[in-house]
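FYI, side chains are in, hydrogens and waters are out, and symmetry mates aren't considered; it's all heavy atoms of this structure. Just so we're on the same page: letters track the sequence lines, and every chain starts at 1. The shown structure was predicted, so the numbers you read here are calculated from the model rather than taken from an experiment.
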2 protein chains.
Amino acid sequence: MSSIREQNKIKTRRCILDSAVKLFSQKGFEQTSIEELAREAGIGKGTIYSYFETKRDIVKAFCDDQLDFARSELAAKSNPDTPLIEQLMIIFMADFNYVTEHKEFGRVYLHEKIFPKEPLTEEDFQVQNDYFDMLYPIYQRAQELGELRQDLELLHISGHVYAIYLLLLSCWYTGMVPTENIPEAMETMITQTLEGLAP
Amino acid sequence: MSSIREQNKIKTRRCILDSAVKLFSQKGFEQTSIEELAREAGIGKGTIYSYFETKRDIVKAFCDDQLDFARSELAAKSNPDTPLIEQLMIIFMADFNYVTEHKEFGRVYLHEKIFPKEPLTEEDFQVQNDYFDMLYPIYQRAQELGELRQDLELLHISGHVYAIYLLLLSCWYTGMVPTENIPEAMETMITQTLEGLAP
DNA sequence: AGAAAAAATCGACTGCGGTCGGTTATTTTA
DNA sequence: TAAAATAACCGACCGCAGTCGATTTTTTCT
């Protein structure tokens, strides 16, 4: 069993994350100070920094957890025999909806994950690998069913779809594509990628 | 002619940008304080903030200028009768090489441009439009030459290629794809997008 | 159990991004 | 050209992210 110390650490970490979600959602990320967060969590300011290296890491940790959870949910529900485009739409729109509902979190997270200051750590890659682990079987099955070319690497196929997802996220953040147009844009672009741009 | 005041403003702005390039390149963006920058530029700290709203805006202004310049150079050199893939490679690899040589600047700029905090301003869109203005003729010509489907909107075509560019930038920043593999990856993925992922 | 070691907590402190009201330089007016 | 008006400049100041050494809590050793 785990010691008092380990139990407390887990509880404190949870408490910091819960308080962060509450305050960041209420007042925004930049508008919430670490001192405020510490007060809400009932601990000292310094303690927060023994759980997270930076303020942004708090968001990162929270989002990684959420993604992990969301994906396991999706994996359970997914049906490998529906058309590829349907499965992809379900997965990527789920991710997308999450971002639209947590714009502030999403932005900080994307900054850290997509254009990180330092190359990603082992742990960061873990999250990415879990992501591939979820998608690869889907693409592989689609190859078997003749929906995808068999001469392409799964990594590249994943890349194409992910690239479109990134693009639409950016278009949404810049205000170029409004929320309600995203599903249609995503379906159109994924379909076009499958069909090819050349005649 | 312009007044003393206007001339000085232009000179001061230039001076701030030059000092910023020097110091940010030398010591990094975060490691350079605004006070240091002001000292290097020979002006007061407050003055910087009457030219730029935030520290990151300095990078943004610089990069916008550079992009503008780089694109006009490219437009002059480009040959509309070479194969589409060749033209795209020249344009996007030029952008990419610029980023690899100014990693720090690129990262700050991408954060601001790709996942901005607020929807982009009129001026931000201008930079984007200039970008489209450069690419649209290329895609249009490719449609005429039968290299691209004619039933697709130029906006979508642009989007597909740009999406791949974004993806590779991200893969480079995360350390997933090393610099030397980028050209090959870019060519492969653009080609695949043209051909389509489906059999 | 009691002492010693190790780990976790804390808040005063540091440095920096950004602000603001006072000062200086330029332009306009009379 | 002198005075009034306006724009640019400045640096002391504020609030916050992140640090660090002192203090408290838990674990380990004897």
Side-chain angles (χ1 to χ4, degrees), chain A residues 1-24 26-62 104-105 107-109 111-112 116-118, chain B residues 1-20 23-24 26-62 104-105 107-109 111-112 116-118:
Chain A
M1 72 149 252
S2 60
S3 63
I4 291 179
R5 193 162 257 175
E6 275 162 356
Q7 287 178 330
N8 281 344
K9 281 194 79 165
I10 290 169
K11 213 162 58 181
T12 304
R13 190 191 141 93
R14 228 339 359 110
C15 184
I16 294 172
L17 286 178
D18 289 344
S19 306
V21 172
K22 180 178 170 190
L23 293 183
F24 292 166
Q26 243 172 45
K27 328 181 20 181
F29 177 74
E30 272 90 3
Q31 285 66 46
T32 305
S33 74
I34 292 287
E35 285 189 330
E36 244 175 313
L37 176 54
R39 211 177 311 128
E40 173 77 26
I43 59 178
K45 181 178 176 177
T47 305
I48 290 183
Y49 285 93
S50 61
Y51 286 84
F52 303 98
E53 288 194 9
T54 68
K55 191 180 177 186
R56 303 161 77 126
D57 274 344
I58 300 173
V59 171
K60 196 146 79 82
F62 172 74
E104 195 85 3
F105 280 46
R107 194 175 44 81
V108 175
Y109 186 69
H111 282 190
E112 296 287 316
K117 181 158 191 202
E118 306 295 342
Chain B
M1 72 148 253
S2 60
S3 63
I4 293 179
R5 194 163 259 175
E6 275 162 357
Q7 287 178 330
N8 282 345
K9 281 195 77 165
I10 290 169
K11 213 163 56 182
T12 304
R13 190 191 141 94
R14 218 1 338 117
C15 185
I16 294 172
L17 286 178
D18 289 345
S19 306
L23 293 183
F24 291 167
Q26 243 173 43
K27 328 181 21 182
F29 176 74
E30 271 91 2
Q31 285 66 47
T32 304
S33 74
I34 293 287
E35 285 189 329
E36 243 175 314
L37 176 54
R39 211 177 311 128
E40 173 77 27
I43 58 178
K45 180 179 177 179
T47 305
I48 289 183
Y49 285 93
S50 60
Y51 286 85
F52 302 97
E53 288 194 9
T54 67
K55 190 180 179 186
R56 302 158 76 120
D57 275 343
I58 300 173
V59 172
K60 197 147 77 80
F62 173 74
E104 195 84 3
F105 281 46
R107 192 176 45 81
V108 175
Y109 186 68
H111 282 190
E112 295 287 317
K117 180 158 192 203
E118 306 295 340

*What are the 5'-most and 3'-most nucleotides of DNA chain D lying under 4.0 Å from any heavy atom of chain B?*
D:dT6 to D:dG11

_Could you check whether A:F105 and A:F62 have their ring centres less than 6.0 Å apart?_
yes

_Those residues that, when tested against A:N8, pass side chain to side chain contact (heavy atoms under 4.5 Å, CB included) (two or more places apart)_ = A:I4, A:K11

*Could I get the full list of side chain to side chain contact (heavy atoms under 4.5 Å, CB included) partners for B:K60, not counting sequence neighbours?*
B:D57, B:D64, B:Y109, B:E112, B:K113, B:D124

*Most 5' of B:R5 and B:G44 on DNA chain D, judged by nearest nucleotide*: B:R5

*Identify, residue by residue, the members of residues 49-62 of chain B with a heavy atom below 4.0 Å from DNA chain D, and return them in order of residue number, or none.*
B:Y51

*Between A:G46 and B:F29, who's closer to the 5' end of DNA chain C by nearest nucleotide?*
A:G46

*With nearest nucleotides of DNA chain C determined for B:N8 and A:T12 from heavy-atom distances, which residue corresponds to the more 5′ nucleotide?*
A:T12

_Results of salt bridge (charged side-chain N to carboxylate O under 4.0 Å, His left out) for B:R5 - residues two or more places apart only_ = none

*ring pair (Phe, Tyr, Trp, His ring centres under 6.0 Å) contacts in which one or both residues fall within residues 36-61 of chain B, not counting sequence neighbours*: none

*Return each pair, listed once, that meets salt bridge (charged side-chain N to carboxylate O under 4.0 Å, His left out) where at least one residue sits in residues 40-52 of chain B; pairs must be two or more places apart or across chains.*
B:K22-B:E40

*Of all pairs that satisfy salt bridge (charged side-chain N to carboxylate O under 4.0 Å, His left out), the ones with a partner from residues 29-39 of chain B, not counting sequence neighbours*: A:K117-B:E30, B:K27-B:E36, B:E30-B:R107

Spatial distance of atom [atom1] ([X]) from atom [atom2] ([Y]) [nearest 0.5 Å]:
| X | Y | atom1 | atom2 | answer |
| --- | --- | --- | --- | --- |
| B:I48 | B:L37 | CD1 | CG | 4.0 Å |
| B:D18 | B:R13 | CG | CZ | 11.0 Å |
| A:I58 | A:L23 | CD1 | CG | 10.5 Å |

*asked:* Donor-acceptor check, side chain of B:T47 to backbone of B:I43, threshold 3.5 angstrom: yes or no?
replied: no

_Under 3.5 Å: donor-acceptor pair, side chain of B:E104, backbone of B:F29_ = yes

*asked:* Using a 4.0 Å cut-off on heavy atoms, which residues in residues 31-41 of chain B reach DNA chain C? List them by number, or say none.
replied: B:T32, B:S33, B:I34

*Anything under 4.0 Å to a heavy atom of chain A counts; send over the first and last such nucleotide of DNA chain C, read 5' to 3'.*
C:dA6 to C:dG11

*Yes or no on side-chain contact (heavy atoms from CB on, under 4.5 Å) for B:Q26 and B:Q31, after CA distance, side-chain angles and deciding distance?*
CA-CA 9 Å; B:Q26 243 173 43; B:Q31 285 66 47; over 6 Å; no

